[in-house]
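Accompanying notes for the structure given below.
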Amino acid sequence: MFDIKWIRDHPEDFDNALKERGVEPISTSVLELDEKKRKNQTELQTLQNDRNTKSKDIGRLKSQGESADDLMREVADIKNKMTSLEGEVESLGVQLKSMLASLPNILSDDVPSGKSEEDNVEIRSWGEASSLSFDAKEHYELGEALGLMDFERAAKLSGSRFVVLQGGLARLDRALTQFMLDTHTSEFGYLETQPPFLVRDHVLFGTGQLPKFSEDLYKTAEDQWLIPTAEVPLTNLHSDEIIDADNLPLRFTAYTPCFRSEAGAAGRDTKGMLRQHQFMKVELVSIVKQEDGEAEHERMTKAAETILQRLEIPYRVMLLCSGDTGFSAKKTYDIEAWLPGQGEYREISSCSYCGDFQARRMKMRYREKDQKQTIYAHTLNGSGLALGRTLIAVMENYQQEDGSILVPEVLKPYMGGLDKICAS
RNA sequence: GGAGAGAUGGCAGAGCGGUUGAAUGCACUGGUCUUGAAAACCAGCAAGGGUGCAAGCCCUUCGAGGGUUCGAAUCCCUCUCUCUCCGCCA
């Protein structure tokens with residue numbers, strides 16, 4: 001969501017910025033609506049003022065036992081005039097809001113132009129993206145051979161894009177979770193949080209999934225939505241509040257399931273557990289002062305990278321191009337882990353800086369000590385990391401020629417003595 | 001799921017349909033006093049929006065949305081949430 005005052009003052013900057021997003025120039029129609037609304041609003045407020053004073057006069061007259069019939073007639077007149085104006089102001093306001101609510105965030109200056117993921121730019125890489133000394137298998141081949149990853153029975157229960165994990169793989173997934181949460185809480189200062197997994201409309205509006213992307217989400221019969229990521233409840237925790245600046249930054253981490261309909265992804269990544277309707281994720285969310293947003297973005301990305309480094313999984317950090325950056329983000333880094341089985345880097349984390357875009361939508365402000373004015377907070381979110389995909393990365397990178405999987409050193413304390421996962 | 005009570009400013013808590021955007025207390029900020037602090041006393045202290053060069057003026061908001069009325073925090077309806085009791089339950 002945008003500051004209408006800023007658009008008034010910088011209509012061309014606004015159009016140019018959105019052009020990067022492939023949005024047609026819209027400032028003219030926005031400002032036209034805005035102007036019309038304000039004109040009507042001013043007129044309406046004059047009438048309201050008139051009505052208020054006259055009503056008070058009526059009260060005064062009546063309390064003195066005098067007749068107020070003339071004044072009452074006048075107020076009735078005013079009221080008539082108000083009715084249509086009220087409707088007009090209301091409807092113009094709704095139009096303006098819905099126009100602004102469907103526009104994506106303005107990108108940071110350093111986001112490269114581009115159409116698709118092809119145009120993303122590698123920022124740095126870590127580790128060696130090498131092939132193994134033997135013929136590396138993909139995660140689903142390994143998992144099914146181990147008898148610990150079952151897609152058929154998952155389909156029997158729930159349809160396509162689900163998986164059942166068992167035994168050592170389920171344990172490994174749990175170990176990864178523990179390791180991630182421990183690292184983020186104790187080393188990076190994120191507050192472990194268990195949020196609800198079902199949320200209301202306005203919460204999804206706040207982070208930007210609604211109104212545009214409802215087809216990507218699941219909705220319950222009670223009209224609550226299943227969260228597509230913990231970013232949604234975590235970022236909204238302090239919505240509609242004025243935060244004491246001394247309490248910033250706020251950093252939250254949560255381990256939650258994520259539910260995505262994957263509408264429009266038909267045929268993509270149908271094999272294995274790369275793209276599921278339900279997956280677990282450890283999420284990171286930061287709420288910071290406006291001047292701290294960019295530094296926090298780097299810090300958050302480092303926190304996510306730390307997990308892969310400790311797991312000794314090669315990865316690269318990509319700066320997403322304009323065409324690949326999400327709706328609410330100003331700038332996004334994807335972390336892609338090396339998958340020897342696939343012979344490719346695949347996204348395992350996405351860290352986004354949203355500026356005040358989400359904060360405006362959810363009315364989350366902060367105030368500096370001794371200042372009267374409120375400022376919209378800046379929000380960031382990142383995966384730290386997606387569990388399913390991290391499990392895949394561990395499996396493919398730690399696979400042995402016999403199909404067994406070694407447990408990464410850093411996970412051993414969490415594996416109850418198990419240091420290798422073999423066929424059951 | 002059934003029965004009842006409630007929702008007011010950062011918190012607590014008043015509020016016969018008419019100068020109530022809202023008493024009072026606490027908290028907070030500034031000042032007086034004090035060597036300093038505390039106490040005491042004085043003053044200030046809601047958000048969002050419109051308008052104006054500005055000072056300011058104005059509008060809206062007392063859980064949300066409708067309605068009654070010249071006028072609603074106060075009356076009516078719907079919804080949401082909270083609390084108490086009963087039932088069920090991880």
Report summary line: The answer to which of A/R38 and A/Q224 contacts RNA chain B further toward the 5' end, by nearest nucleotide, is A/R38

**Report entry** First encountered from the 5' end of RNA chain B, between A/K54 and A/R8
**Finding:** A/R8

Query raised in the report: Which part of the nucleic acid, if any, lies within reach of A/L71 when heavy atoms closer than 4.0 Å are counted: base, sugar-phosphate only, or nothing?
Result: nothing

Query raised in the report: Reckon A/K5 touches a base, only the sugar-phosphate, or nothing at all at heavy-atom distances under 4.0 Å?
Result: sugar-phosphate

Rounded off to whole Å, could you give me the [atom1]-to-[atom2] distance for the [X] and [N] pair?
X: A/N40; N: B/U60; atom1: CG; atom2: C1'; answer: 16 Å
X: A/H202; N: B/G63; atom1: NE2; atom2: P; answer: 17 Å
X: A/M82; N: B/C59; atom1: CE; atom2: C1'; answer: 10 Å
X: A/Q48; N: B/G49; atom1: CD; atom2: P; answer: 17 Å
X: A/D69; N: B/C70; atom1: CG; atom2: C1'; answer: 10 Å
X: A/E90; N: B/G66; atom1: CD; atom2: C1'; answer: 12 Å
X: A/L44; N: B/U61; atom1: CG; atom2: P; answer: 11 Å
X: A/I78; N: B/C70; atom1: CD1; atom2: P; answer: 13 Å

With a 4.0 Å cutoff (strictly under), does any side-chain N or O of [X] reach OP1 or OP2 of [N]?
X: A/R60; N: B/C70; value: no
X: A/N52; N: B/U60; value: yes
X: A/N49; N: B/C57; value: no
X: A/K56; N: B/U20; value: no

[atom1] spacing across the pair [N] / [M], given as an integer number of angstrom:
N: B/G17; M: B/U69; atom1: C1'; answer: 9 Å
N: B/G10; M: B/A27; atom1: C1'; answer: 8 Å
N: B/U24; M: B/U8; atom1: C1'; answer: 14 Å
N: B/A73; M: B/G30; atom1: P; answer: 35 Å
N: B/A40; M: B/G25; atom1: P; answer: 12 Å
N: B/U32; M: B/U19; atom1: C1'; answer: 33 Å
N: B/U78; M: B/G9; atom1: P; answer: 25 Å
N: B/A7; M: B/G13; atom1: C1'; answer: 13 Å

Report task. Please say which of A/L308, A/I348, A/I307 ends up in a side-chain contact (heavy atoms from CB on, under 4.5 Å) with A/I313. Result -> A/L308

**Report entry** Identified side-chain contact (heavy atoms from CB on, under 4.5 Å) partner of A/L380 from the options A/P249, A/S286, A/S352, A/C351
**Finding:** A/S286

Before accepting this row, confirm whether a basic side-chain N of the pair [X]/[Y] lies closer than 4.0 Å to the acidic partner's carboxylate O.
X: A/D216; Y: A/R260; value: no
X: A/K412; Y: A/E409; value: yes
X: A/D69; Y: A/R73; value: no
X: A/E396; Y: A/K137; value: no

Any N/O pairs under 3.5 Å between the protein and nucleotides 45-47 of chain B? List them or say none.
residue: B/A47; atom: OP1; partner: A/R367; partner atom: NH1; Å: 2.6
residue: B/A47; atom: OP1; partner: A/R367; partner atom: NH2; Å: 3.2
residue: B/A47; atom: OP2; partner: A/K372; partner atom: NZ; Å: 3.1
residue: B/A47; atom: O3'; partner: A/R365; partner atom: NH2; Å: 3.2
residue: B/A47; atom: O2'; partner: A/R365; partner atom: NH2; Å: 3.2

Requested in this report: Hunt down any stem RNA chain B takes part in, defined as 3 or more consecutive Watson-Crick or G-U pairs whose two distances are each under 3.5 Å.
Outcome: B:1-7 with B:80-86, B:10-12 with B:24-26, B:28-32 with B:40-44, B:46-51 with B:56-61, B:63-67 with B:75-79

Starting the side chain at C-beta, find the nucleotide from [options] nearest to [X].
X: A/K62; options: B/U51, B/C70, B/U60; result: B/C70
X: A/R200; options: B/C70, B/C81, B/U60; result: B/C81
X: A/S55; options: B/C59, B/G50, B/G71; result: B/G71

Query - Residue pairs, two or more places apart or on separate chains, that pass ring-ring contact (aromatic ring centres under 6.0 Å, His included) and touch residues 147-175 of chain A - result: A/F162-A/H277

Report task. For the residue pair A/S350 and A/D334, confirm or rule out a side-chain donor-acceptor distance under 3.5 Å. Result -> yes

Query raised in the report: Looking at A/D109, A/D324, A/D110, which one forms a salt bridge (charged side-chain N to carboxylate O under 4.0 Å, His left out) with A/K331?
Result: A/D110

Report task. Please lay out, stage by stage, how A/Q309 and A/Y315 fare under the test side-chain hydrogen bond (donor to acceptor under 3.5 Å, both in side chains). Result -> CA-CA 9 Å; A/Q309 290 178 11; A/Y315 67 85; 2.8 Å; yes

Requested in this report: Could you walk me through whether A/D57 and A/K54 pass salt bridge (Lys or Arg N to Asp or Glu O under 4.0 Å), step by step?
Outcome: CA-CA 5 Å; A/D57 289 342; A/K54 291 205 161 98; over 6 Å; no

